[in-house]
Amino acid sequence: MKTGITLVGLIDCLRKYTCKCFGIIFFLLSPQPRLNKARLRFSSASPSSPPSNLTFYTRFRQHLGLQQLSLLFTRWVLKVTTLSEQILHLRSLANTRYPGLFHLLQENTQDSIKDGEIKQHFGRKIAIDASMSIYSFLIAVRSEGQQLTSETGETTSHLMGLFYRTLRMVDNGIKPLYVFDGRPPTLKSGELAKRSARKAEATAAHAEAKEVGTAEEVEKFSRRTVRVTKEINDECKRLLTCMGIPYVEAPCEAEAQCAALAKAGKVYAAASDDMDTLCFETPILLKKLMLSEMKKEPVQEIYLDRAMQELGFTRDQFIDLCILLGCDYCDTIPKVGPTTALKLIREHKSIENVLSHLGPKYAVPKKWPYQDARELFKNPLITDPDECEFKWEAPDIDKLVAFLVGEKGFNEDRVRAGAVKLSKNLKGNTQARVNDFFKPVPKTAEELAGLKRKSEEKAAERKKKVKAEKAEKGKGKKGKR
DNA sequence: ACTCTGTCTCAAGACGGG
DNA sequence: TTGAGACAGAGT
DNA sequence: CCCGTCC
């Protein structure tokens, strides 16, 4: 059994003990702290616990090396920590998750999901959750069970994947913007079971007993957990810099930041396979962006406004629906699946009303923080998109070669060939920008009615198909679409 | 019939040669 | 590990 | 399209 504490426990420890650690936590969550208005904005919400002692204040200031440290700033830090804690806590509570939203949209709307080709996105800027990608590279890019490594034994899987995937995107005229998680991904995906949350408490209590050793212990732990990931992240950032591809650091969740950028029109869309991104109000979500070319599967383009229009939902209702379907932050109500959830929201318009009209057959979980989940969707912790500056530049070929070939043992010809593609495609930087402000036109009521009809027809057809397939069972298989 | 749920399974990156 | 599809079984 | 290789 692994010994370990979760971030929840970690933060708890840190809050109780050393002030220096607040700095560490801060850097975990937002590696490039910069005082600006956008960030201070978050201070408006009152922190759950004010910075109680002066020591914290001064030591944190020393740690950051800032001359002035406004109270607002420290409050922002507190806000970050408490929000992260909240998110992680909520996630640890949710154990079942429905993948239902996509299917629900597929079956109940006509126009919100569009299949397309990657080439259609030529010249567009697209925000991508870097941490997700890197994580999947680390898992998938393997040879004989081992990750690819340089001569010195350092892992290079992530660089490999990132390099070639980015190349392919650029080659297709897409301008990727990578968004890094504020939180280290290992903590998120790793040991965050309920069980270990309890353990964390125990660990924290244990730490409380030894007042002295705590800080170092905690620091050691955080290093152990974070270090690899942080290095990997840094390498990826370095690679991106060499390639002339911009990236952004999200204070908390990358998904939320991607959505915010898309919403502000800074990028055309957010690319993710996670439907939760829709709840953060990205106007357009691209699913399976990179699978398309390889496997000849279409890129799925999901329009939030069309989805809401066709469902007849407001944004609040849409979020409530997603919560009922099951999101990262809380469980579902037993016996409420996609169909029932849709019906309930259609009928009662909000979770509050649903709850008050629910029959006794439905047992709402005792601890069901749907309001918190809703709040996280509606007011996620993000950096103001207007404060994010990014541009695509020509690659620094010498640095790129020095890095990948010199340090990591990549094939020089391949890297150089890639660099050529990069500089070729990123040249026309300014002219393509016009395309990015295209947005789907809202539908008129008439069109909507038509769509509804179509959608119903489609649903009927679908059902027939299912039946037909069932009836025809035993014979050969039929390809979809 | 319809819906929800548990369980099982598999793949998960990208490229290029044959 | 996570996510998605297929499928069987239970509840309505 | 399958399958071995990338590092």
Side-chain angles (χ1 to χ4, degrees), chain A residues 2 91 94-104 106-107 118 128-129 131-172 185-193 235-236 239 272-276 287-297 300 324-328 331-344 359-363 403-415 417-418 421 459 463 466-467 469-470 473 477-480:
Chain A
K2 273 189 197 170
R91 284 199 176 172
N95 44 19
T96 59
R97 186 157 180 232
Y98 266 95
L101 180 56
F102 181 71
H103 290 286
L104 193 143
Q106 216 170 27
E107 281 162 29
I118 196 165
I128 297 158
D129 182 342
S131 310
M132 276 294 162
S133 315
I134 293 169
Y135 184 68
S136 68
F137 291 142
L138 287 176
I139 294 204
V141 184
R142 283 160 185 276
S143 183
E144 292 168 24
Q146 298 298 311
Q147 291 172 332
L148 303 181
T149 60
S150 67
E151 285 176 9
T152 53
E154 298 165 81
T155 302
T156 52
S157 297
H158 52 297
L159 298 175
M160 187 78 173
L162 192 62
F163 182 64
Y164 285 115
R165 176 175 286 188
T166 308
L167 268 187
R168 248 181 59 204
M169 279 191 265
V170 170
D171 213 30
N172 280 292
T186 44
L187 282 175
K188 171 185 166 189
S189 57
E191 311 296 315
L192 227 124
E235 278 185 347
C236 290
L239 174 63
S272 169
D273 284 342
D274 190 347
M275 293 298 281
D276 274 6
K287 234 185 146 201
K288 300 187 180 174
L289 179 61
M290 281 303 118
L291 246 65
S292 62
E293 207 183 348
M294 295 293 297
K295 301 199 171 176
K296 293 184 178 176
E297 281 180 34
Q300 289 159 344
L324 282 183
L325 289 176
C327 61
D328 268 355
D331 273 338
T332 56
I333 302 175
K335 305 193 176 189
V336 175
T339 316
T340 319
L342 183 60
K343 204 181 79 190
L344 286 175
K361 63 177 86 168
Y362 297 107
F403 184 29
L404 289 185
V405 180
E407 291 180 39
K408 304 295 177 185
F410 276 54
N411 179 295
E412 177 156 2
D413 293 339
R414 284 191 173 197
V415 173
K421 278 187 187 175
K463 273 179 190 172
V466 171
K467 260 188 192 173
E469 271 173 24
K470 260 187 187 170
K473 224 183 200 174
K477 287 169 196 171
K478 259 206 168 178
K480 283 179 197 173

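Naming: A, B, ... by sequence-line order, numbering from 1 per chain.
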How long is the line joining [atom1] of [X] and [atom2] of [N], in whole Å?
{"X": "A/Tyr135", "N": "B/dG13", "atom1": "OH", "atom2": "P", "result": "12 Å"}
{"X": "A/Glu151", "N": "D/dC7", "atom1": "CD", "atom2": "C1'", "result": "9 Å"}
{"X": "A/Asn411", "N": "B/dG17", "atom1": "CG", "atom2": "P", "result": "12 Å"}

When you compare [N] with [M], how far apart are their [atom1] atoms, in angstrom units rounded to a whole number?
{"N": "B/dT9", "M": "D/dT5", "atom1": "C1'", "answer": "27 Å"}
{"N": "D/dC3", "M": "B/dA11", "atom1": "C1'", "answer": "16 Å"}
{"N": "B/dG13", "M": "C/dG5", "atom1": "P", "answer": "15 Å"}

Sugar-phosphate only, base, or nothing, as touched by A/Thr155 at under 4.0 Å among non-hydrogen atoms: nothing

With a 4.0 Å cut-off on heavy atoms, is A/Gly161 in touch with a base, just the backbone sugar-phosphate, or nothing at all? nothing

Using a cut-off of less than 4.0 Å, is there contact between a side-chain N or O of [X] and OP1 or OP2 of [N]?
{"X": "A/His158", "N": "B/dG13", "value": "no"}
{"X": "A/Arg168", "N": "B/dC15", "value": "yes"}
{"X": "A/Ser136", "N": "C/dT2", "value": "no"}
{"X": "A/Thr339", "N": "B/dC4", "value": "yes"}

With the side chain of [X] defined as its heavy atoms from C-beta on, choose the nearest nucleotide among [options].
{"X": "A/Phe137", "options": "C/dG5, B/dG13, B/dC4", "value": "B/dG13"}
{"X": "A/Ala140", "options": "D/dC7, B/dA12, C/dT1", "value": "B/dA12"}
{"X": "A/Lys361", "options": "B/dT5, C/dT12, B/dC4", "value": "C/dT12"}
{"X": "A/Lys335", "options": "B/dA14, B/dT5, D/dC7", "value": "B/dT5"}
{"X": "A/Leu148", "options": "B/dC4, D/dC6, C/dG5", "value": "D/dC6"}

Counting N and O atoms only, with roles assigned by atom type, does the side chain of A/Gln147 sit under 3.5 Å from a partner on the main chain of A/Leu138, one being a donor and the other an acceptor? yes

Could you state the interatomic distance from CG (A/Leu162) to OG1 (A/Thr156), rounded to the nearest 0.5 Å? 12.5 Å

Supply the atom-to-atom distance A/Glu407 CD to A/Glu235 CD, rounded to the nearest 0.5 angstrom. 8.0 Å

Do A/Thr155 and A/Ser157 pair up side chain to side chain, a donor and an acceptor below 3.5 Å, judged on atom types alone? no

Side chains of A/Asp273 and A/Lys287: does their closest heavy-atom pair fall under 4.5 Å? yes

